[in-house]
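Written out below as structure tokens is the structure these notes cover.
Nothing here was measured: the structure is a model prediction, and the numbers come from that model.
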Amino acid sequence: MELRVLRYFLTVAREGSITAAADVLHVTQPTLSRQLKDLEEELGKKLFIRSSHSIILTEEGLLLRRRAEEIIDMVDKVESEFSSMEETISGDVYIGGGETDAMKQIASIIKELQVSYPNIRYHLYSGNSEDVTERLDKGLLDFGILIQPADLSKYNYIDIPAKDVWGVVMRKDSPLAMKDAIQAEDLLNVPIICSRQAIKQTLSKNEFSNWFGEDFDKLNVVTTYNLAYNASIMVEEGIGYGLVLDKIVNTSSDSNLCFRPLEPRLESGLNIVWKKHQVFSAAADLFLKAMQKKFFNSLSGK
């Protein structure tokens, strides 16, 4: 299976027709059709359902699309790493993480490095813990920012000197908006929009469910989310009350939403992780050293 053919396949999948893909790739339609037919024969599976004007991916085609995207991303990453092995450090650093105010600390490190190493590029991927660790394990990310609770057993990690505060985001005209803080009993009889990671019960230690105690199973969770922005849209439409981290959702004076912290206060720590025995590019290694220096000094009170 050649990389060139995988790129052809992805272009056809993206464009939705062989004619359009052939124009983009600057190849003839018969050549492209033959390459796709050979790919189907090699895999022994039908990848497309063809019509007169368009194509639709089969279930096998959708699977190949996901795997081909991962393969091409990995190849591009390797090529970038080798091209960066020069006297002047350049290259790419891939960072994944959930939505957190602690990203400001990562941005601060990047800004400092840009002064001396302007040729390093940074690529951010947003997702929950499962999304990030999956891409870490596949080598598509160099680093991941995980919000606790999270399983760190497979990774090396640094504690980020910050805490995210849990609370409830709601419409300003909601009954609970009159309160300064939200207690567990306030949430038992209202629809809840909750992070999938926060309510995940497979973790050995889940501070979120511990905070609710015996009442956790009584919550009326009507919607789950992995990115708080989408959750805030649901809240604004009156679907429910969103359990989120502070400073993620817009609750400024021009917003219809407000944030109230949980009481007693519930905080989540953060870690930046990477695979054990990871071999970094020069750019990623430089970023790691900068993080270690900054966060060690912060945790030491220097």
Side-chain angles (χ1 to χ4, degrees), residues 1 3 6-7 9-10 13-14 43 47 57-81 91-100 102-103 106 121-160 164 193-209 221 223-231 243-245 248 268-281 283-285 287-288 291:
M1 193 181 305
L3 290 173
L6 286 181
R7 293 185 190 274
F9 167 78
L10 288 175
R14 183 180 66 246
L43 293 174
L47 302 174
L57 292 177
T58 63
E59 184 175 344
E60 293 81 3
L62 290 170
L63 174 61
L64 179 62
R65 181 177 188 170
R66 290 196 298 271
R67 296 293 177 256
E69 287 173 342
E70 292 172 356
I71 291 168
I72 297 301
D73 284 348
M74 177 63 73
V75 170
D76 291 343
K77 186 171 184 290
V78 170
E79 290 176 346
S80 174
E81 288 172 348
D92 301 87
V93 179
Y94 296 82
I95 306 166
E99 295 171 302
T100 168
M103 186 59 73
I106 302 300
R121 295 182 299 274
Y122 301 87
H123 306 273
L124 303 180
Y125 173 83
S126 296
N128 63 15
S129 177
E130 289 183 352
D131 300 328
V132 171
T133 53
E134 180 183 359
R135 294 181 75 86
L136 269 174
D137 294 342
K138 290 178 178 179
L140 299 174
L141 294 175
D142 297 309
F143 303 99
I145 301 169
L146 302 184
I147 303 169
Q148 297 173 6
D151 182 6
L152 305 178
S153 60
K154 297 190 299 181
Y155 307 104
N156 293 322
Y157 64 90
I158 303 171
D159 293 330
I160 298 177
D164 276 334
I193 299 170
C194 192
S195 159
R196 284 193 287 275
Q197 181 178 340
I199 62 174
K200 190 176 181 181
Q201 293 296 291
T202 57
L203 295 170
S204 58
K205 180 182 179 183
N206 189 325
E207 296 171 350
F208 190 82
S209 61
V221 178
T223 306
T224 63
Y225 70 88
N226 68 333
L227 295 177
Y229 175 76
N230 291 333
L243 286 163
V244 300
L245 296 172
I248 303 302
S268 287
L270 301 111
N271 310 98
I272 188 153
V273 307
W274 62 95
K275 287 202 302 183
K276 292 181 178 179
H277 313 297
Q278 173 78 18
V279 178
F280 286 121
S281 66
D285 187 60
F287 179 75
L288 173 60
M291 282 195 303

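- In this structure, Ala228 and Ile248 approach most closely via the heavy-atom pair CB-CG2, 3.6 Å.
- Taken from CD in Glu70 to CZ in Arg135, the straight-line distance is 7.0 Å, to the nearest 0.5 Å.
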Table please: side-chain donor-acceptor pairs of residues 60-68 below 3.5 Å, with sequence neighbours left out.
{"residue": "Glu60", "atom": "OE1", "partner": "Thr58", "partner atom": "OG1", "Å": "3.4"}

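- Contact check for Asn156 versus Val273: no side-chain heavy atoms found under the 4.5 Å cut-off.
- Taking a cutoff of 4.0 Å between a charged side-chain nitrogen and a carboxylate oxygen, Arg7 and Asp73 do not qualify as a salt bridge.
- Distance alone, capped at 3.5 Å, places no donor-acceptor pair between the Asn230 side chain and the Leu227 backbone.
- Residues Tyr157 and Ile272 fail the side-chain proximity criterion, which asks for heavy atoms closer than 4.5 Å.
- Side-chain atoms of Leu3 and Ile71, non-hydrogen and from C-beta on, do get closer than 4.5 Å to each other.
- How far OG of Ser126 is from CE of Met103: 6.5 Å, rounded to the nearest 0.5 Å.
- Thr223 contributes atom OG1, which lies 5.0 Å from atom CD1 of Ile193 (distance to the nearest 0.5 angstrom).
- At least one side-chain heavy atom of Lys154 sits under 4.5 Å from a side-chain heavy atom of Asp137.
- No salt bridge links Asp142 with Lys275; every basic N to acidic carboxylate O contact stays at or beyond 4.0 Å.
- Checked against side-chain contact (heavy atoms from CB on, under 4.5 Å), Leu288 has the following partners two or more places apart in sequence or in another chain: Phe143, Ile158, Trp274, Phe280, Met291, Gln292.
- With values rounded to the nearest 0.5 angstrom, Ser129 atom OG is found 11.0 Å from Asn226 atom CG.
- Side-chain contact check for Thr100 and Asp164: at least one donor-acceptor pair (N or O, by modelled atom type) lies under 3.5 Å.
- A distance of 14.5 Å separates OH of Tyr125 from CD1 of Ile95, quoted to the nearest 0.5 Å.
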inquiry  = Using the rule given for side chain to side chain contact (heavy atoms under 4.5 Å, CB included), can you reason through Phe287 versus Ile106, listing the C-alpha separation, both sets of side-chain angles and the distance that settles it, and then say yes or no?
reply    = CA-CA 10 Å; Phe287 179 75; Ile106 302 300; 3.9 Å; yes
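- Taking all atoms of both residues into account, the shortest heavy-atom contact from Leu140 to Tyr94 is O-CB, 3.8 Å.
- Within 6.0 Å of the OH atom in Tyr122, the count of heavy atoms belonging to other residues, nucleotides or ligands exceeds 12.
- You'll find the side chain of His123 stays beyond 4.5 Å of the side chain of Val93, heavy atoms only.
- The shortest heavy-atom contact between Val132 and Gly97 is CG2-N, 3.5 Å.
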task = With side chain to side chain contact (heavy atoms under 4.5 Å, CB included) as the test, would you mind laying out the steps for Asn271 and Ile145 before giving the verdict?
result = CA-CA 6 Å; Asn271 310 98; Ile145 301 169; over 6 Å; no
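- What you find for Ser268 and Ile147 is that their closest heavy atoms are CB-CG2, 3.8 Å.
- Distance CD/Gln278 to NZ/Lys276: 13.5 Å, rounded to 0.5 Å.
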